[in-house]
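From a predicted model like this one, the values you see are computed outputs, not experimental measurements.
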Amino acid sequence: MNKKLPIIIDTDPGIDDAVAIAVALFSEKLDVKLITTVAGNVSLEKVTMNTLKLLKFWNKKIPVAQGASEPLIRPSMDASNVHGNSGMDGYDFEDGDLSLLLKENAVEAMYKTIMSCEEKITIMPIGPLTNIALLLKVYPQVKKKIEEIVLMGGSTTRGNKGVMSEFNIAVDPEAAKIVFSSGVPIVMAGLDVGWKALVYPEDSAQIKTFNRTGDMLYSLFQHYRGRGLKNGLKMYDTCAVAYLLKPEMFEVAHTFVDIELVGALTAGTTVVDLKGYLKQTENAKVCVDIDQEMFKNWLLNALKKCI
Ligand code: RIB
Ligand code: CA
């Protein structure tokens with residue numbers, strides 16, 4: 001049997017984070033070494049408790065480390081209007097197992113996990129990039145031990161938080177700039193694919209029947225606001241784990257990406273130079289399209305593997 005890919009998930013659950021974490025934890029191809037939390041959809045405390053609740057739900061003993069409670073420079077913003085006040089409204093979870101919560105902060109925990117792992121580790125950020133930026137600045141020696149950073153974030157076109165900015169990047173553009181200019185191989189799964197990675201009511205009704213996880217996700221989906229279930233719920237974060245497990249699902253452009261920091265109206269924009277106007281060396285593989293039918297079938301099969 002092929003060796004499992006060692007990964008760290010950095011997350012801000014978040015209903016779509018919960019789907020991505022479920023798929024990752026029950027995939028036979030991934031070895032989730034650590035889950036780190038970052039303020040994003042809701043506060044650091046809430047996303048951390050949500051992470052522990054999910055692990056309790058699945059009885060998975062994965063170490064969890066708390067990271068940044070706010071962006072590097074800018075004031076905090078959240079997405080409780082989309083995910084509910086708790087960040088995972090719609091299901092009455094048991095309290096999480098606090099014994100999984102490490103004393104170390106996310107940066108220390110990621111550093112120790114990466115440096116102690118025999119193979120290179122893949123990092124899968126599915127929230128704002130604050131923790132990852134701090135890691136790369138405090139411990140630049142980890143760069144040679146990171147296989148790649150496969151992140152949900154950004155857009156080659158318009159935004160979902162700002163006119164031109166996607167939420168994870170918009171929350172902490174300075175952190176994103178540090179990550180994209182780090183020299184570490186990056187895969188960007190942004191809105192171009194997230195907007196097409198949809199769960200419709202008929203899909204959600206099927207998912208409900210699979211197992212406890214499907215039943216729980218169905219309940220969360222009823223509260224996942226945005227444009228609502230009937231228009232298709234966007235499985236943004238699952239695109240990152242989908243790339244890890246089935247990259248052939250995506251059309252990918254090898255290009256240069258930078259982050260707008262100073263635009264009064266455009267801060268947080270991922271400037272994706274698909275035409276090479278900036279004459280910069282490529283620094284990212286950007287997912288520019290997704291096979292929607294393949295994604296849906298893959299997601300349903302992946303969720304059937306959960307408990
Ligand atoms: O723009 C979508 C991203 O913002 C997802 O990670 C979602 O969970 C929210 O954090
Ligand atoms: Ca997220």
Neighbour count >12 (heavy atoms, 6.0 Å) for atom NZ, Lys145:
yes
Lys/Arg N to Asp/Glu carboxylate O, Asp258 vs Lys177, below 4.0 Å:
yes
Are Lys196 and Asp291 ion-paired here, with the side-chain N under 4.0 Å from a carboxylate O?
no
Charged N-O contact under 4.0 Å between Glu28 and Lys305:
yes
CD1/Ile8 to CG/Leu34 distance, rounded to the nearest 0.5 angstrom?
5.0 Å
Quick one: do Lys33 and Asp31 make a salt bridge, cutoff under 4.0 Å?
yes
Report the C-alpha separation of Val187 and Leu151 in whole Å, then their side-chain angles, then the decisive distance to 0.1 Å, and conclude whether the side-chain contact (heavy atoms from CB on, under 4.5 Å) test is met.
CA-CA 6 Å; Val187 175; Leu151 63 90; over 6 Å; no
Around atom CD of Glu119, are there more than 12 heavy atoms from other residues, nucleotides or ligands closer than 6.0 Å?
yes
Would you say NZ of Lys120 has more than 12 non-hydrogen atoms from neighbouring residues, nucleotides or ligands within 6.0 angstrom?
yes
Give a yes or no on this: more than 12 heavy atoms of other residues, nucleotides or ligands lie within 6.0 Å of atom CD of Glu118.
no
State whether Lys56 and Asp97 are salt-bridged, where the test is any N-O pair (Lys NZ or Arg NE/NH1/NH2 against Asp/Glu carboxylate O) under 4.0 Å.
no
Aromatic ring pairing Tyr243/Phe250, orientation class (parallel under 30°, perpendicular over 60°, tilted between):
tilted
Is Glu104 salt-bridged to Lys112, going by a charged N under 4.0 Å from an acidic O?
yes
Flag yes if more than 12 heavy atoms outside Lys29 fall under 6.0 Å of its NZ atom; otherwise flag no.
no
Looking at the rings of Tyr91 and Phe57, which for Trp means the six-membered one, are their centres under 6.0 Å apart?
yes
With a 4.0 Å cut-off on N to O distance, would you call Lys234 and Asp16 a salt bridge?
no
Got more than 12 heavy atoms from elsewhere within 6.0 Å of NZ, Lys279?
no
Please check if any side-chain donor atom of Thr36 sits under 3.5 Å from a side-chain acceptor atom of Asp10, or the reverse.
yes
What residues form a ring-ring contact (aromatic ring centres under 6.0 Å, His included) with Phe256, not counting sequence neighbours?
none
Answer yes or no: are there more than 12 heavy-atom neighbours, outside Glu94 itself, under 6.0 Å from its atom CD?
no
If I take atom NE2 from residue His254 and atom CG from residue Asn283, how far apart are they, to the nearest 0.5 angstrom?
12.0 Å
From the list Asn105, Val38, Leu72, side chain to side chain contact (heavy atoms under 4.5 Å, CB included) partner of Leu134 resolves to Leu72
Closer than 4.0 angstrom, basic N to acidic O: yes or no for Glu166 and Arg158?
no
State plainly whether the residues Arg74 and Glu174 are in salt-bridge range, i.e. N to O under 4.0 Å.
yes
